[in-house]
Structure formats: structure tokens, C-alpha cells
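See below for the structure under consideration.
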Amino acid sequence: MIARTFRLTLLLLSVLSLSVLPALAGHGDAKPPRQGVLLVAFGTSAPEARVAYDNLDRLAREAFPGTPIRWAYTSAMIRTKLGAGGELPDSPALALARMANEGFTDIAVQPLHVIPGFEFHDLLRTARALEGKKDGPRRVSVGLPLLSTEDDLARAAELLTAAYPARKGEAVVFVGHGTEHPAGVTYPALQAVLAERSAAHLVGTVEGRTGPEEITARLARQKVRSVTLVPLMAVAGDHAQNDIAGGEPDSWASIMTAAGLKVTPVLAGLASSDAVAGIWIEHLRQAVAGLAEDHAH
Ligand code: CO
């Protein structure tokens, strides 16, 4: 008897929710649609590195005039540092919640990360957790990081070799962050695409298998005397200034100089280049287009 009553209650509940849910959905849809863009970066505490983010902000505003553009930083350490004594910058989750609260129903999120690693996947989880929920945005569409598809790699290789040509005896090394995430294969993938164009353009990483010693040994085999170090990062922040170009004996510049190479470190992030940043903007366009597509949860 108890079991039967219980089953009946369950049935009643499911019938009730079936009739109530569409009503709720209809109520949610009644909100006037409002579109916004959220740019998500790791963040930087180096003011001189901010110019790269500012450049991307400008390009996004030019690409989507009239669409409000907001920012969020994925690094809790950077948010704390930047917010010291003032207002804390938003995390992606907070920015999405804040925008929903302000009436944004459709939000295109563009990560300014270089590869689809841990932070990109965290961002996807955050977007999915808030999308379509009570008081959340109706739609959240997340764009791809800089180097995500084969087309991205081909375009990046073309732009980077054009921006940093190498003459005889010279090489250019693009130094990425490196990661233990499976998306770390993006670095050797870019190396392979670059190699189709030039033997003098190499890819290394601050963390991982292709560090300064490995790259220096390779440059010696190629009889290279002079090398340009280019951060394969959105901004030329802490890693670019210290790990790559810094004066400490274990920096890329120091190790290569000690090996007899003439080293020229570049202190500009990829987002400072309108051409390279164009790849991120193109991904943002795809994210905005994705807002209009039907999808099932
Ligand atoms: Co780092």
C-alpha cells in the first residue's frame, strides 16, 4: 500500500512537472533578447603587457559595434593581485552571472588563450553550468582558442613567418607556455606546419619537453648564430619578461647567450598583432553566430 501510494505520488509529480516546465520555459523566453560579448583571458599584472589585451578589446569593438563587451580573468592569483585595495576583476562565472543579472540573454564568450588546454575546458564547464539555468543567460556560446583547428595552425604559421622572417644563420623561436593537458600536442603540431615553410622557425615551451637546452642543441646543429625569441602567448607578461627574456641564468635568453648565440627577445604578446589577433576575432564571430543556432541540451 505504501509502495503504491509512493508510485502514485511519483507519477503525479512527473505529470505536474511536465505541465509546469513548458510554462516556466515560456516565461524565461519572454525576456527581451540582449546580446553581449565576454572576453576571457588568463590576465596579467604587468601594466606594460596590458596593451595586447587593449588591442584585442579595440578589435572586438570594431568587429561588433554596439555590442557591449566585458572582460573576465581566469587566473585567481591575477584577480587578487589586480583587485588589491580596489574592485576585484570578474572570474568567468561571475562575469556571466553579472551579465545575466543585467539582462543579457545571449552571451558569446571568447577565450584569449593560445591552445585549448585546462583553462579552455574549465571555461566550457562554467558556460554549460550557467546556460539555461534559472537567472542564468539563455544561451552561452564559447569560441575556440587561437590555435584550435588545422586552419588556425596554417594561418598562424603564415602570419608568424611573415612577421618574423629569418635570414641565413638566423632562427626564430616561438616560445609557448606548455601544458600537461592533452592539447599540448598543439605545440608540435604548429612546429610541423611551420616546418613546411621554413627550417628556421621553431616552437618551444616554457614548461615541457622542448625547453631552451633542446632548442639550443637544435640551433647548433642548424649552424644558427642569431636567434629571435617570440612569446607564443597573448600578452608579454611574467613568462615573457622573466622565463624567456629575463636576466636570471636559467632564462631562455641567458642559456642561449651562454651557448654563444646572439639573442633578441621580443617583448610583445600575440594579441598586439592585428593580423594574429584576427584569428581570435574570427573565432569570436563563430561564437556569435553560434548563439543563433538551435541546440538541444
Ligand atoms: Co604560467
Side-chain angles (χ1 to χ4, degrees), residues 42 44 49 52 112-120 145-148 152-167 169-273 276 279:
F42 178 80
T44 182
L112 305 183
H113 296 93
V114 174
I115 62 158
F118 289 112
E119 289 175 55
F120 173 64
L146 184 74
L147 305 177
S148 296
D152 296 340
L153 294 178
R155 193 159 158 213
E158 183 186 341
L159 295 172
L160 291 172
T161 49
Y164 300 100
R167 284 169 302 189
E170 295 176 349
V172 179
V173 182
F174 301 103
V175 185
H177 190 283
T179 180
E180 287 176 7
H181 190 276
V185 293
T186 307
Y187 298 113
L190 177 64
Q191 175 67 85
V193 177
L194 282 168
E196 290 168 16
R197 299 181 160 268
S198 145
H201 290 80
L202 305 179
V203 177
T205 50
V206 172
E207 295 168 12
R209 291 174 59 231
T210 42
E213 291 85 3
E214 290 80 3
I215 297 286
T216 303
R218 183 162 165 188
L219 294 179
R221 287 197 298 276
Q222 291 181 211
K223 310 260 183 291
V224 166
R225 292 180 304 277
S226 160
V227 62
T228 302
L229 298 176
V230 182
L232 191 70
M233 303 169 183
V235 296
D238 185 55
H239 285 305
Q241 294 176 22
N242 297 309
D243 299 312
I244 302 175
E248 294 290 314
D250 60 348
S251 77
W252 282 66
S254 297
I255 289 168
M256 290 179 150
T257 304
L261 286 159
K262 181 181 169 286
V263 181
T264 310
V266 170
L267 282 178
L270 296 175
S272 292
S273 152
V276 176
I279 302 177

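Residue numbers run from 1 in the order of the sequence given. The figures that follow rest on heavy atoms only: side chains count, while hydrogens, waters and symmetry mates do not.
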Looking at [X] and [Y], what are the two nearest heavy atoms and their distance?
X      : Y      : answer
Val114 : Met233 : CG2-CA, 3.8 Å
Ala200 : Ala166 : CB-CB, 3.8 Å
Leu147 : Pro116 : O-CD, 3.4 Å
Ala183 : Thr186 : O-OG1, 2.6 Å
Thr161 : Ala157 : OG1-O, 2.7 Å
Gly247 : Ser254 : O-OG, 3.5 Å

Is His181 close to Ile115 at the side-chain level, that is, under 4.5 Å between some pair of heavy atoms?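 A side-chain contact is absent here, since even the closest heavy-atom pair is not under 4.5 Å.
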Quick one: does Val227's side chain get under 4.5 Å of Ile215's, heavy atoms only?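 They are not in side-chain contact.
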Measuring from [X]:[atom1] to [Y]:[atom2], what's the distance to the nearest 0.5 Å?
X      : Y      : atom1 : atom2 : result
Gln191 : Phe174 : CD    : CZ    : 10.0 Å
Leu146 : Arg155 : CG    : CZ    : 9.5 Å
Glu170 : Lys262 : CD    : NZ    : 7.5 Å
Glu214 : Leu202 : CD    : CG    : 12.5 Å

Residue pairs fulfilling ring-ring contact (aromatic ring centres under 6.0 Å, His included) with at least one residue in residues 243-272, sequence neighbours excluded: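 Output for this query is empty, none listed.
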Where at least one partner belongs to residues 193-235, residue pairs that pass ring-ring contact (aromatic ring centres under 6.0 Å, His included), sequence neighbours excluded: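 As it turns out, there is no ring-ring contact (aromatic ring centres under 6.0 Å, His included) pair with a partner in residues 193-235 once direct neighbours are skipped.
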If the condition is side chain to side chain contact (heavy atoms under 4.5 Å, CB included), which residues does [X] pass it with, not counting sequence neighbours?
X      : answer
Thr205 : Tyr187, Thr210
Ile255 : Pro212, Glu213, Thr216
Ala189 : Leu153

Under the side chain to side chain donor-acceptor pair (under 3.5 Å) rule, what pairs show up with a residue in residues 219-237, not counting sequence neighbours?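 Listed by first then second residue: Arg218-Gln222.
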Could you tell me which residues satisfy side chain to side chain donor-acceptor pair (under 3.5 Å) with His239, sequence neighbours excluded, listed by chain and number?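 Residues passing side chain to side chain donor-acceptor pair (under 3.5 Å) with His239: His177, Asp243.
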Can you list the residues that meet the side chain to side chain donor-acceptor pair (under 3.5 Å) rule with Asp250, with sequence neighbours excluded?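 Scan of Asp250 (side chain to side chain donor-acceptor pair (under 3.5 Å), adjacent residues dropped) gives none.
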Do any side-chain atoms of residues 264-273 form donor-acceptor pairs under 3.5 angstrom with protein atoms, and if so which ones, sequence neighbours left out?
{"unit_1": "Ser273", "atom_1": "OG", "unit_2": "Ala275", "atom_2": "N", "d": "3.3"}
{"unit_1": "Ser273", "atom_1": "OG", "unit_2": "Val276", "atom_2": "N", "d": "3.0"}

Stepwise side chain to side chain contact (heavy atoms under 4.5 Å, CB included) test for Glu180 and Glu207: CA-CA 9 Å; Glu180 287 176 7; Glu207 295 168 12; over 6 Å; no
Set of residues satisfying salt bridge (Lys or Arg N to Asp or Glu O under 4.0 Å) with respect to Glu119, sequence neighbours excluded: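 Scan of Glu119 (salt bridge (Lys or Arg N to Asp or Glu O under 4.0 Å), adjacent residues dropped) gives none.
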